[in-house]
**Student:** 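What follows is a single structure, and I will ask about it in a moment.
In what follows, chains carry the letters A, B, and so on, assigned in the order in which the sequence lines appear, proteins first and then strands, with residues in each chain numbered from 1. Computed over heavy atoms, backbone and side chain alike; hydrogens, waters and symmetry mates excluded.
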Protein chains: 2
Amino acid sequence: MNKDPLQSCTFAATERRIDTTCRRFPEFPRNPAVLVRLIKRIHQQVHDAANAVLRRYGLNHTDYNILMMIYGSDGAGVSPGELALAAGEKGANLTRICNALHDGGLIARAPSAEDRRKLALTLTAQGIALVERLLPDMCRLLDAQTQGLDATQMAQAEALLKHLLGNAEQIATGPMAGDAP
Amino acid sequence: MNKDPLQSCTFAATERRIDTTCRRFPEFPRNPAVLVRLIKRIHQQVHDAANAVLRRYGLNHTDYNILMMIYGSDGAGVSPGELALAAGEKGANLTRICNALHDGGLIARAPSAEDRRKLALTLTAQGIALVERLLPDMCRLLDAQTQGLDATQMAQAEALLKHLLGNAEQIATGPMAGDAP
DNA sequence: ATTATTTAGTTCACAAATGAATATTTTATT
DNA sequence: AATAAAATATTCATTTGTGAACTAAATAAT
């Protein structure tokens, strides 16, 4: 019956550990560390919850993300590369997932007309039907996950997270990205 | 030379797909979906960047998280269960990771005195040395990942993310958590 | 006390994800 | 036009992560 999710979460212990770390190693940046750990924890919980829901439909969260990316692309189909980028998966993993979705009759692969290196992935009728059958459940889940945030907070969160993503992508292509002898 | 990380990110395509989805399936909640996908993308990028840095030290991001949890716990040691919760990993995975860290001479395991079911994990001298050797690099990374956010924004982000985590944890223990016949 | 229930950790079989190497096609360079 | 470079997707070996079944210890219930 805890009505205040702000206080009920299990993050306090982690926060204490970060504070202790700051005392042992003063340069350790508390706030960035807190944000990164929050992101990780939320991601894990969201992933688990989605898996629990989607299992009923024979899918997992990754499958769902891929299907939804295709569902959200008008007509012409999406290439594995675009999907990998959009879904935050590596190419090799995408091949595996798409193999499974294809074997399950949910997606179709066609070689792309303009660029024969690319594939155009589309949903089959069966794929569309499955997506629209599970979407009500997933909508409920998404709403529950963001319950208690008003429009302003939602917009704030979106802006802040986009900033973080921008930073992260800059790092990935920037000077910190490996390669010191 | 893109000075505005807000606009340089590759998220626009995903956002367009979400909008398309909303047109095809009007109940689909745009803002929650955006937030969840942002979280996933950020997590993935953060994870990759950390892995790139930590590889030089023979570790990966998960190992690092575990070591840091122990590093941040005053003295008495942490149990695998606490770590699993704090690090967002499942128990089975923790056993494997701790085996590796133990084999590498970085952590020590001792049966807990009060409760003989529990283990108390501590860092060895070697583990502490490694942590303090890699921390400067990781501090730089954390700062880069949150660059451009002032204290207010950082606090806002923290509050909003804690809210989301609270929601997610409530779902995990709540009515949506599986088990319909 | 004795028996159940819960909690902590591990094991094991399997699923999911990754890095590195490869084949093929496109684009740039000469 | 011929060749070099970059991009797309796949394969394969390995690492990383998970659910379910299991053991042992603590706690609750009878």
Side-chain angles (χ1 to χ4, degrees), chain A residues 40-41 43-45 47-52 54-56 58-66 77-104 107 109-121 172-173 177-179, chain B residues 40-41 43-45 47-52 54-56 58-66 77-104 107 109-121 172-173 177-179:
Chain A
K40 179 168 175 53
R41 290 277 300 271
H43 173 261
Q44 152 92 317
Q45 295 273 355
H47 190 69
D48 286 354
N51 276 332
L54 291 164
R55 178 178 296 187
R56 303 166 199 159
L59 297 176
N60 63 28
H61 192 208
T62 308
D63 299 332
Y64 164 82
N65 280 329
I66 301 301
V78 201
S79 72
E82 291 176 90
L83 283 185
L85 198 67
E89 301 290 339
K90 302 289 191 289
N93 200 29
L94 234 103
T95 300
R96 181 184 59 81
I97 296 161
C98 288
N99 283 340
L101 294 175
H102 183 257
D103 290 355
I107 67 173
R109 293 164 141 141
S112 167
E114 339 87 53
D115 187 338
R116 283 191 313 182
R117 289 171 303 182
K118 292 188 181 177
L119 287 180
L121 304 174
T173 56
D179 305 318
Chain B
K40 177 166 175 57
R41 290 278 298 273
H43 172 260
Q44 151 93 319
Q45 296 273 354
H47 190 68
D48 286 354
N51 276 333
L54 291 164
R55 178 178 297 188
R56 304 166 197 159
L59 297 176
N60 63 29
H61 193 209
T62 309
D63 298 332
Y64 165 82
N65 280 330
I66 301 302
V78 201
S79 73
E82 292 175 88
L83 284 184
L85 198 67
E89 301 291 338
K90 302 289 192 290
N93 201 27
L94 234 101
T95 300
R96 182 183 60 79
I97 295 162
C98 287
N99 284 341
L101 294 175
H102 184 257
D103 290 354
I107 67 172
R109 294 166 141 141
S112 167
E114 339 88 53
D115 186 337
R116 285 190 309 182
R117 287 171 305 182
K118 290 189 181 176
L119 287 182
L121 304 175
T173 57
D179 306 319

**Student:** Could you run down the sub-3.5 Å N/O contacts of the protein with nucleotides 22-24 of chain D?
**Tutor:**
none

**Student:** Quick one: on DNA chain C, does Asp115(A) or Ile97(A) contact a more 5' nucleotide (nearest heavy atom)?
**Tutor:**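 In this pair, the answer is Ile97(A).
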
**Student:** Without decimals, in angstroms, what is the distance between Glu82(A) CD and dA9(D) C1'?
**Tutor:**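 After rounding, the gap between these two atoms is 13 Å.
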
**Student:** Starting at the 5' end of DNA chain D, which residue's closest nucleotide do you reach first, Lys118(A) or His47(A)?
**Tutor:**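 Of the two residues, Lys118(A) wins.
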
**Student:** Mind checking what makes side chain to side chain contact (heavy atoms under 4.5 Å, CB included) contact with Leu83(A), not counting sequence neighbours?
**Tutor:**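 With sequence neighbours excluded, Leu83(A) shows a side chain to side chain contact (heavy atoms under 4.5 Å, CB included) to Ile66(A), Met69(A), Ile70(A), Val78(A), Leu94(A), Leu121(A), given in chain and number order.
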
**Student:** Which angle, to the nearest 10 degrees, lies between the helix axes at the two ends of the helix from dA1(C)-dT30(D) to dT30(C)-dA1(D), each defined by five pairs?
**Tutor:**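 End axes: 30° apart.
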
**Student:** Which whole-number value in Å describes the distance from Gln45(A) CD to dT18(D) P?
**Tutor:**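 That distance rounds to 12 Å.
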
**Student:** Output the distance between atom CZ (Arg41(A)) and atom CG (Leu85(B)), rounded to the nearest 0.5 Å.
**Tutor:**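 Between Arg41(A) CZ and Leu85(B) CG, I get 5.5 Å after rounding to 0.5 Å.
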
**Student:** Rounded off to whole Å, could you give me the NE2-to-C1' distance for the His61(B) and dG17(D) pair?
**Tutor:**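 His61(B) atom NE2 is separated from dG17(D) atom C1' by 16 Å.
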
**Student:** Between Gln44(A) and Gly88(B), what is the shortest heavy-atom contact and its length?
**Tutor:**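 Minimum heavy-atom separation between Gln44(A) and Gly88(B): NE2-O, 2.7 Å.
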
**Student:** List the residues meeting side chain to side chain donor-acceptor pair (under 3.5 Å) with Arg96(B), not counting sequence neighbours, and say none if there are none.
**Tutor:**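 For Arg96(B) the side chain to side chain donor-acceptor pair (under 3.5 Å) partners, ignoring immediate neighbours, are Asn93(B).
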
**Student:** Separation of Leu119(A) atom CG from dT11(D) atom P, in whole Å?
**Tutor:**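 Rounded to the whole Å, the gap is 11 Å.
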
**Student:** dA20(D) C1' sits how many Å from Arg55(A) CZ, rounded?
**Tutor:**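 Computing the Arg55(A):CZ to dA20(D):C1' distance gives 10 Å.
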
**Student:** Which pair of non-hydrogen atoms, one from Ala120(A) and one from Gly77(A), has the smallest distance, and what is that distance?
**Tutor:**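 Looking at all heavy atoms of both residues, the shortest contact is CB-CA, 4.5 Å.
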
**Student:** Strictly by salt bridge (Lys or Arg N to Asp or Glu O under 4.0 Å), give each pair with a member in residues 83-92 of chain B just once, sequence neighbours left out.
**Tutor:**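 Salt bridge (Lys or Arg N to Asp or Glu O under 4.0 Å) check on residues 83-92 of chain B returns Lys40(A)-Glu89(B), Asp48(A)-Lys90(B).
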
**Student:** Side chain to side chain contact (heavy atoms under 4.5 Å, CB included) with Asn60(A): which residues, sequence neighbours excluded?
**Tutor:**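 Result, side chain to side chain contact (heavy atoms under 4.5 Å, CB included) vs Asn60(A): Asn51(A), Thr62(A), Asp63(A).
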
**Student:** Whole angstroms only, please: what is the CG-C1' distance between Asp48(A) and dA20(D)?
**Tutor:**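 Computing the Asp48(A):CG to dA20(D):C1' distance gives 15 Å.
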
**Student:** Nearest to the side chain of Arg116(B), heavy atoms from C-beta on, is which of dT8(D), dA25(D), dT10(D)?
**Tutor:**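 Side chain of Arg116(B) sits closest to dA25(D).
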
**Student:** Taking side chain to side chain donor-acceptor pair (under 3.5 Å) as the test, write out the residues that go with Arg117(B), two or more places apart.
**Tutor:**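 Here the qualifying residues are Asp115(B).
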
**Student:** Extract, from 5' to 3' on DNA chain C, the first and final nucleotides lying under 4.0 angstrom from some heavy atom of chain A.
**Tutor:**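 In short, chain A contacts DNA chain C from dA16(C) to dT26(C).
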
**Student:** What pairs with Ser112(B) under side chain to side chain donor-acceptor pair (under 3.5 Å), at least two apart in sequence or on another chain?
**Tutor:**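 Ser112(B) satisfies side chain to side chain donor-acceptor pair (under 3.5 Å) with Glu114(B) only.
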
**Student:** Assign Gln44(B) to base, sugar-phosphate, or nothing according to its heavy-atom contacts below 4.0 angstrom with the strands shown.
**Tutor:**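 Gln44(B): backbone/sugar contact only, no base atoms under 4.0 Å.
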
**Student:** Looking at every strand, decide which applies to Asn60(A) at a 4.0 Å heavy-atom threshold: base, sugar-phosphate, or nothing.
**Tutor:**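 Touches sugar-phosphate only.
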
**Student:** Using the ring pair (Phe, Tyr, Trp, His ring centres under 6.0 Å) criterion, which residues pair with His47(B)? Sequence neighbours excluded.
**Tutor:**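 With neighbours one apart ignored, the set is His43(B), His61(B).
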
**Student:** Quick check on contacts: within residues 88-96 of chain B, what sits under 4.0 Å from DNA chain D by heavy-atom distance?
**Tutor:**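 Of all residues in residues 88-96 of chain B, the ones placing a heavy atom under 4.0 Å from DNA chain D are Glu89(B), Lys90(B), Ala92(B), Asn93(B), Arg96(B).
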
**Student:** List in chain and number order the residues that pass salt bridge (Lys or Arg N to Asp or Glu O under 4.0 Å) with Arg109(B), two or more places apart in sequence or in another chain; answer none if no residue qualifies.
**Tutor:**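 Partners of Arg109(B) under the salt bridge (Lys or Arg N to Asp or Glu O under 4.0 Å) test: none.
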
